[in-house]
Amino acid sequence: MYKKAINKNNSKDMADFKPRRDSKHARLKGMKDVLFDEYRYYRLLINKANDLAQVYGFNRIETPVLERSKLYERSTGKDTDIVSKEMYNFVDKGGDKIALRPEATPSLARAYIEHGMFNMPQPVKMYWLGPLFRHEKPQSGRYRQHTQFDLEIFGDPSPVADTQLILIAYNFYSELQINVQVQINSLGDKEDRGEYITQLTEFYKERGKRSKLCNDCKRRFLKNPLRLLDCKEPDCIAIREDAPQIVDFLGNNARDHFIKVLEYLDELEVPYNLNPFLVRGLDYYNRTVFEITPVIDDLGNDENGSISQKRQISLGGGGRYDDLVEKMGGRPTPGCGFGLGLERIVQKIKEKNIPLHKDKEPIIFLAQLGDQARRKMMVMFEEMRRGGYKVRQAFTKDSLKAQLEEANRIGAKHSLILGQKELIDGTIIIRDMDSGTQEVIDTKKVNSELAKRLEENKEISNK
Ligand code: HAM
C-alpha cells in the first residue's frame, strides 16, 4: 500500500524554479541568496573549517560587520582597490565615517590590540567565519557579499607558522577533493622592498613600456608599482615577463625565512609553484605571500576543461604581516594569516559534481495517518529526539504519500508509520526506505528493533 506512494525523484530541486529578477524588491546586484539545497554545501564547508581550525589549535572569534573606514585605510591601504574602489562607506547618524567590512584581517588585528591580547600566551591563534562586502564588478565567482573562512596567527615570527597556515589551506581543499596549487612568493622585508621598487620603476620607465600599460597600471605605476606585476591584461603580462624579480632582492633574514617555508612544504609534500609575480592586493604583507588556485594544465584549462578565465580565480590567499599590529598602534607583533572564499569553493564542488557525503547518523522519519496517530507520534518524536535519535517529521501534512516523499527527500533510512489500525493494535510499521520493505512490530519494541537495524547498517557501511 505504501510502496505506491513513493516517488524518489519527485522532489523538485530549487534550481528548477526560475528566479524573478523583474520585481522592484529583487536582491541587489552581486548579492546572492543561498537556498536550502545549496546551503548543504555551505554547511559542509563550515563544518570542515571548524574541524580543521580546532585541530590546529585556533579559537573562534567574531567581530562587528561595521568598523570605522579609517581602520581599512590604515591597514588594507588607502590606495588599494579594496579601499579606494570597492569599500561600502557611509556616514552614520552620529557623523562617523563607517565601512561595511571588506576583509577580516584589520578587525582581527584591531581586536588583538583592543583586548590586550599581547598579555596572553603567544602566539594567539584565531579563526573567523563571516560575510564581507566589496563593491566589485559582479562576475562568475565574484560577489559583492562573500563569505570567508579566515585564520590568523599573532605573535609568531617562525616560518613554521606560515607553513602551518598553507598546510591547513591545502588540506581544506584536498579533503574536499578539489585539486589546487599553492602559488607562493616572498615580498621580503620593508628595506628589501625599497630597493626592489626602485629597480622595478626604472624597468617600467624604459622607453615604450609605460604607453603600452592598461589605464589601471598607468595609475599603479605612480601609486603602487608592485601591483603592476599582478595585472591580468595581456599587454601588461607581456611587459612584466622581463621585469626584475623580488626574490633576487631579499635580505638574508627574509631569504632564510622563505627557504625554510619552502623546505617545510617539501617535507609535508604540499605542491607549490614559485610565482615571482604574486604580490597580493593589500598593503600590509611582507615576506611570505600565497594564493590557492585551481590546478591548471599547460593549455590553461582547469581540470574540468573550462578555459583560462578561471586562471585568475583565486580560491584563497594570505601571507605574513609583521608590521601591521604596530602600524595600527599596538606593540610590535609579527603576524600571518589567510582567507578562503566559501562561494568559490561551493562553485568548484558543484562544477566537479563532488557528491556530498551522506550524514553518518541515519535519519528516522516519523509518519502518521489520522489525528490520534499524529498526537501519539508527536509525543514519540520528542521522546526519540531526547533519546538521541536523529528524528525528522512532517506532522503538518495529512497525506501519507506526501510524508513519505519528504522522508525520501531528506534521505531517511527508516520510517516509523502509525495509522488507525496500528494505534488500536499497539503496533507500528517500520519501513526500510531504500528497499521499501516494511514490517509491523510491537510499539514497545521500537527501540530494540531500531538498534538492531542501525547496528546492521553500521556493519554494512564499515565493510
Ligand atoms: P583576499 O585575497 O582579498 O584576501 O580574499 C581572500 C579570498 O576571498 C579570495 O581568495 C577569494 O576566495 C575570496 N574573495 C575575495 N573577494 C571575493 C568576491 N568578491 N567574491 C567571492 N569571493 C571573494 C583577504 O581578504 C585577506 N584578508 C586574507 C588574509 C588573511 N591575509 C592575511 N590574513
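All values below were derived from every heavy atom in this structure, side-chain atoms included, with hydrogens, water molecules and symmetry-related copies excluded. In each ligand, atom 1 is the first atom listed, and ligand 1 is the first ligand listed. Residue numbers count from 1 along this sequence.
Aromatic pair Phe172/Phe149: ring centres closer than 6.0 Å. A ring-centre distance under 6.0 Å is not found for Phe58 and Tyr127.
In the vicinity of Gly318, heavy-atom distances shorter than 4.0 Å reach the ligand 1 atoms 31 (N). Less than 4.0 angstrom separates some heavy atom of Gly317 from each of these atoms of ligand 1: 10 (O), 28 (C), 29 (C). Residue Leu315 approaches ligand 1 through these ligand atoms, each under 4.0 Å from one of its heavy atoms: 10 (O), 12 (O). Interface atoms of ligand 1 facing Tyr143, defined by a heavy-atom separation under 4.0 Å, are 18 (C), 19 (N), 20 (N), 21 (C).
Ligand 1 has no N or O atom lying under 3.5 Å from any N or O atom of Arg142, backbone or side chain. Annotation: Tyr321 places no N or O atom under 3.5 Å from an N or O atom of ligand 1; distance criterion only. The shortest N/O to N/O separation between Gly316 and ligand 1 falls below 3.5 Å. Geometrically, ligand 1 and Arg280 share a nitrogen or oxygen pair separated by less than 3.5 Å. At least one N or O atom of Thr105, backbone or side chain, sits closer than 3.5 Å to an N or O atom of ligand 1. Ligand 1 has an N or O atom lying under 3.5 Å from an N or O atom of Gly341, backbone or side chain. For ligand 1, none of its N or O atoms has an N or O atom of Ala104 under 3.5 Å away.
Taking all atoms of both residues into account, the shortest heavy-atom contact from Tyr72 to Ser107 is OH-OG, 3.5 Å.
No hydrogens or angles considered: a donor-acceptor pair under 3.5 Å links the side chains of Tyr272 and Asp266.
Under 4.0 angstrom from ligand 1, the non-hydrogen atoms of Tyr285 all belong to its side chain. Contacts between Tyr284 and ligand 1 below 4.0 angstrom, taking non-hydrogen atoms only, involve the side chain exclusively. With a heavy-atom cut-off of 4.0 Å, Asp150 touches ligand 1 through its side chain alone.
Nearest-residue assignment for atom 33 (N) of ligand 1 (options Lys32, Arg134, Glu152, Arg144; heavy-atom criterion): Glu152. Comparing His146, Gln347, Glu103, Arg320 by heavy-atom distance to atom 14 (N) of ligand 1, the nearest is His146.
Looking at Arg219 and Asp81, a side-chain N of the basic residue comes within less than 4.0 Å of a carboxylate O on the acidic one, giving a salt bridge. The existence of a salt bridge linking Lys32 and Glu343 is excluded, since no basic side-chain nitrogen approaches an acidic carboxylate oxygen closer than 4.0 Å. Of the charged side-chain nitrogens involved, at least one lies within less than 4.0 Å of a carboxylate oxygen, so that Glu136 and Arg142 count as a salt-bridged pair. Between Lys85 and Asp216, at least one side-chain N (NZ, or NE/NH1/NH2) sits under 4.0 Å from a carboxylate O, which counts as a salt bridge.
A heavy-atom separation below 4.0 Å is found between Gln148 and ligand 1.
Between Tyr112 and Phe154, the ring planes lie parallel to each other; the angle is under 30°, not in the 30° to 60° tilted range.
Tyr56 does not carry Lys125 over the face of its six-membered ring by the limits of under 6.0 Å from the centre and within 45° of the normal.
Using modelled atom types, no side-chain atom of Arg287 and backbone atom of Asp322 make a donor-acceptor pair closer than 3.5 Å.
Closest to atom 19 (N) of ligand 1 among all protein heavy atoms lies Glu136 OE2, 2.6 Å. When only non-hydrogen protein atoms are considered, atom 10 (O) of ligand 1 lies nearest to Ser314 OG, 2.8 Å. The protein atom (non-hydrogen) at minimum distance from atom 7 (C) of ligand 1 is Gly339 O, 3.6 Å.
No option in Asp156, Asp162, Asn286 other than Asp162 meets the side-chain hydrogen bond (donor to acceptor under 3.5 Å, both in side chains) test with Arg320.
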